[in-house]
Amino acid sequence: MEALRAWRASNLLGFAASRVVTAASAARSLRLRLRCCSAAATTNQKQLPLPQDRRRRSASTSTSDRDSIRAIRLKKVEELRGKGYEPYAYKWDRTHTTKELQEEYTHLENGEICEEAAVSIAGRIVARRAFGKLVFMTVRDDTGTIQLYCEKDNLTEDQFEQLKAFIDIGDIIGASGSIKKTEKGELSLYMKNFEILTKSLLPLPDKYHGLTDVDKRYRQRYVDMIANPEVAEIFRTRAKVVSEIRKTMESFGFIEVETPVLQGAAGGAEARPFITYHNSLQRDLYLRIATELHLKRMLVGGLERVYEIGRIFRNEGISTRHNPEFTTIEMYEAYSDYESMMNMAEEIVVRCAMATHGKLKVAYLGTEISLERPWRRETMHSLVKEATGIDFNIFGHDVESAKIAARGLPGIKMGSSKSTSLQSCSSVGHVLNEVFETFVESTLVQPTFVLDYPVEISPLAKPHRRPYKLSVRLIRKSKQV
């Protein structure tokens with residue numbers, strides 16, 4: 001009988017996925033079929049067993065195995081309730097976190113027991129080892145891990161049997177006892193009492209291979225955090241950043257407001273909205289694509305400094321650089337311009353860096369990034385001229401001359417049907433932007449403000465004051481002549 005295996009790489013969500021998958025895999029699904037020889041064709045060859053890691057991988061990903069494990073654990077839930085235990089507790093009083101225990105009792109010598117300590121912790125079991133009358137378990141909570149040292153003599157007969165027969169990796173338990181440092185120097189909770197707080201019905205990802213399914217990592221972040229504890233630190237850092245942004249905005253006198261998510265007309269940006277139907281109003285409404293318009297109305301109403309950290313929804317494609325829903329901060333201040341906004345952006349980033357890292361120089365992908373102020377400020381025209389030697393100011397509105405100048409540069413897309421290719425550029429501004437993205441954007445490693453984007457690629461932006469004033473002067477001079 002022929003064996004058939006199929007793998008599918010699904011579309012991915014979230015920022016930071018670019019280090020895991022290529023843009024091609026994010027843009028489409030890829031199906032690969034492999035056909036192996038039939039059993040009849042290999043009768044003369046001895047069938048070798050799968051290597052141990054292959055067997056382990058198959059077991060960890062098999063749907064039927066997961067179903068059977070779930071059935072076994074559901075049976076354990078029924079048996080626990082039959083014995084008078086509730087496998088989903090209401091409360092557990094803990095005295096310490098695992099990190100607090102590790103810090104408070106680090107002074108103990110190997111083999112020393114602190115009998116006078118009476119501590120209680122709670123967390124998820126991530127490792128378990130049984131040796132006759134001795135059981136070791138590793139418990140993880142929000143702050144770290146600690147070992148549970150479980151001796152049969154310290155527990156009742158019923159408790160020890162429950163420990164061995166009903167507790168699985170993935171369960172959340174509460175444990176209390178004293179503190180002991182083993183002969184090998186492992187700080188442990190010398191367990192004297194425990195309670196199952198939450199019975200896990202599905203197995204954790206295989207410890208040997210971890211959670212390697214990228215699609216599952218981004219769609220089931222809770223599983224990702226269990227398998228990869230370091231991921232939780234990203235959420236903690238993000239929370240600190242958002243908190244620091246609010247503190248910074250309040251220190252500048254800004255007021256945070258909430259604007260409608262459901263809107264009668266989508267506006268404030270060029271994007272396709274999600275559409276939903278309001279039953280009571282009997283009309284279509286749109287999930288907002290920007291917070292801009294309603295925030296500006298706050299200025300009309302008399303608030304001079306407003307901002308919102310809000311969720312935005314855009315019904316467009318998915319890639320490693322774009323998610324259909326994301327969080328933005330928009331701020332509006334009366335009587336100021338983009339110079340004050342750049343100063344504020346610098347201040348926000350600097351304060352967030354200090355709140356999360358405690359310094360303004362951070363390492364990223366092997367490069368040291370300096371966030372010290374002031375940041376570099378250059379126009380798009382000057383950056384392109386610096387990289388290519390071409391000054392696009394001289395072309396005025398002559399798009400063909402701009403294209404001819406750009407064609408001599410290596411790496412410019414020519415015959416592509418993509419909207420970003422040189423062939424489809426409809427203005428000098430679009431050509432300039434194409435050259436900028438090809439030659440300049442990837443070289444901007446240190447913090448840089450890129451100023452004076454072409455008006456053609458800046459929807460809803462206000463015209464620049466300097467070119468406008470120049471044209472007014474020329475008109476006045478011509479009238480005087």
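Positions are given from 1, in the same order as the sequence printed here.
Glu78 contributes no side-chain N or O that, together with a main-chain N or O of Arg73, makes up a donor-acceptor pair within less than 3.5 Å. With hydrogens and angles disregarded, no donor-acceptor distance shorter than 3.5 Å links the side chain of Asp452 to the backbone of Thr379. With hydrogens and angles ignored, the 3.5 Å screen pairs a side-chain donor or acceptor of Thr388 with a backbone N or O of Val384. Side-chain atoms of Thr438 never come within 3.5 Å of backbone atoms of Val435 as a donor-acceptor pair (strictly under, hydrogens ignored). A donor-acceptor contact shorter than 3.5 Å is absent between the side chain of Lys403 and the backbone of Val428. Side-chain atoms of His278 come within 3.5 Å of backbone N or O of Ser280 as a donor-acceptor pair. Judged purely by atom type and a 3.5 angstrom limit, Ser458 uses its side chain to pair as donor or acceptor with the backbone of Pro454. Within the 3.5 Å criterion, the main-chain N or O of Phe166 finds a donor-acceptor partner in the side chain of Lys199. Panel note: side chain Glu100, backbone Thr97; a donor-acceptor pair is recorded below 3.5 Å. Side chain of Gln102 to main chain of Thr145: a donor-acceptor pair is present (N/O by atom type, distance under 3.5 Å, no hydrogens or angles).
Between atom CG of residue Leu197 and atom CZ of residue Phe194 there is a gap of 10.5 Å, rounded to the nearest 0.5 Å. Taking CZ from Arg283 and OG1 from Thr276, the interatomic distance works out to 12.0 Å, rounded to the nearest 0.5 Å. Taking CZ of Arg128 as the start and OG1 of Thr138 as the end, the distance is 12.0 Å to the nearest 0.5 Å. With rounding to the nearest 0.5 angstrom, the CG atom of Leu189 is 7.0 Å from the CG atom of Leu101. Between Asn343 atom CG and Ile348 atom CD1 the span is 11.0 Å, to the nearest 0.5 Å. Considering CG of Asp398 and CD1 of Ile404, their distance stands at 7.5 Å, rounded to 0.5 Å.
For Arg221 and Asp224, the salt-bridge test passes: some basic side-chain N is under 4.0 Å from an acidic carboxylate O. Ion pairing between a basic and an acidic side chain is recognised when a charged N comes within 4.0 Å of a carboxylate O; Glu325 and Arg314 show no such pairing. Contact check on Lys76 versus Asp168 returns a salt bridge, with a Lys/Arg side-chain nitrogen under 4.0 Å from an Asp/Glu carboxylate oxygen. With respect to Glu233 and Arg236, a salt bridge is recorded, a charged nitrogen being found less than 4.0 Å from a carboxylate O. For Glu333 and Arg305, the salt-bridge test passes: some basic side-chain N is under 4.0 Å from an acidic carboxylate O. Between Glu339 and Arg377, at least one side-chain nitrogen of the basic residue sits less than 4.0 Å from a carboxylate oxygen of the acidic one, meeting the salt-bridge criterion. Checked for salt-bridge contact, Glu346 and Arg376 miss the test: no charged N lies under 4.0 Å from a carboxylate O. Ionic pairing of Lys240 and Glu244 is not present here: no N-O contact between side-chain nitrogen and carboxylate oxygen is shorter than 4.0 angstrom.
Residue Tyr277 qualifies as enclosed at atom OH: its count of foreign heavy atoms under 6.0 Å is above 12. The number of heavy atoms from other shown groups lying within 6.0 Å of CD (Glu230) is above 12.
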Apply side chain to side chain donor-acceptor pair (under 3.5 Å) to the pair Glu86 and Tyr88, showing each step before the final yes or no.
CA-CA 5 Å; Glu86 175 52 54; Tyr88 299 97; over 6 Å; no
Does the side chain to side chain donor-acceptor pair (under 3.5 Å) test come out yes or no for Ser251 and Thr248, once each step is laid out?
CA-CA 5 Å; Ser251 70; Thr248 305; 5.3 Å; no
Report the C-alpha distance between Thr327 and Arg238 in whole Å, list the side-chain angles of each, state the deciding distance to 0.1 Å, and finish with yes or no for side-chain contact (heavy atoms from CB on, under 4.5 Å).
CA-CA 12 Å; Thr327 301; Arg238 183 187 184 278; 3.6 Å; yes
Starting from the C-alpha separation in whole Å, work towards a yes-or-no answer on side-chain contact (heavy atoms from CB on, under 4.5 Å) for Ile255 and Met298.
CA-CA 10 Å; Ile255 298 175; Met298 296 292 101; over 6 Å; no
Could you check Phe235 against Met225 for side-chain contact (heavy atoms from CB on, under 4.5 Å), going step by step and ending with a plain yes or no?
CA-CA 10 Å; Phe235 290 89; Met225 286 190 287; 4.0 Å; yes
Please assess Val431 against Phe395 for the test side-chain contact (heavy atoms from CB on, under 4.5 Å), listing each intermediate value before the final yes or no.
CA-CA 11 Å; Val431 176; Phe395 298 117; over 6 Å; no
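Taking every heavy atom of both residues into account, Ala405 and Ile390 meet most closely at O-CD1, 3.5 Å. Of all non-hydrogen atoms in Ile457 and Gly429, the two that sit nearest each other are CG2-O, 4.5 Å. The shortest non-hydrogen separation linking Trp92 to Ala122 is CD1-CB, 3.8 Å. Counting all heavy atoms, side chain and backbone alike, Glu372 lies closest to Trp375 at O-CD1, 3.3 Å. Across Gly264 and Tyr286, no two heavy atoms sit closer than the pair O-CE1, 3.2 Å. The minimum heavy-atom distance between Arg140 and Ile226, with the atom names listed, is NH1-O, 2.8 Å.
For the residue pair His381/Asp391, the side-chain donor-acceptor check at 3.5 Å is not satisfied. In this structure, a donor-acceptor pair under 3.5 Å is present between the side chains of Arg288 and Thr259. Side-chain contact check for Tyr332 and Glu330: at least one donor-acceptor pair (N or O, by modelled atom type) lies under 3.5 Å. There is a side-chain donor-acceptor pair under 3.5 Å between Thr98 and Asp141.
With Phe252 as the aromatic partner, Arg351 meets the cation-pi criteria of under 6.0 angstrom to the ring centre and within 45 degrees of the ring axis.
A heavy-atom distance below 4.5 Å is not found between the side chains of Arg311 and Val261. In this structure, the side chains of Glu347 and Met344 stay at 4.5 Å or more apart for every pair of heavy atoms. Side-chain contact between Cys352 and Ile245 is present, with heavy atoms from C-beta onward closer than 4.5 Å. Between Tyr85 and Ile196, the closest side-chain pair of non-hydrogen atoms is not below 4.5 Å. Taking the side chain as every heavy atom from C-beta outward, Arg246 and Glu256 approach each other to under 4.5 Å. His96 is not listed as a side-chain neighbour of Thr143, based on a closest heavy-atom distance of 4.5 Å or more. Here the side chains of Val450 and Leu383 are in contact, with some heavy-atom distance below 4.5 Å. Under the 4.5 Å side-chain criterion, counting only non-hydrogen atoms from C-beta, Ile167 is in contact with Met137.
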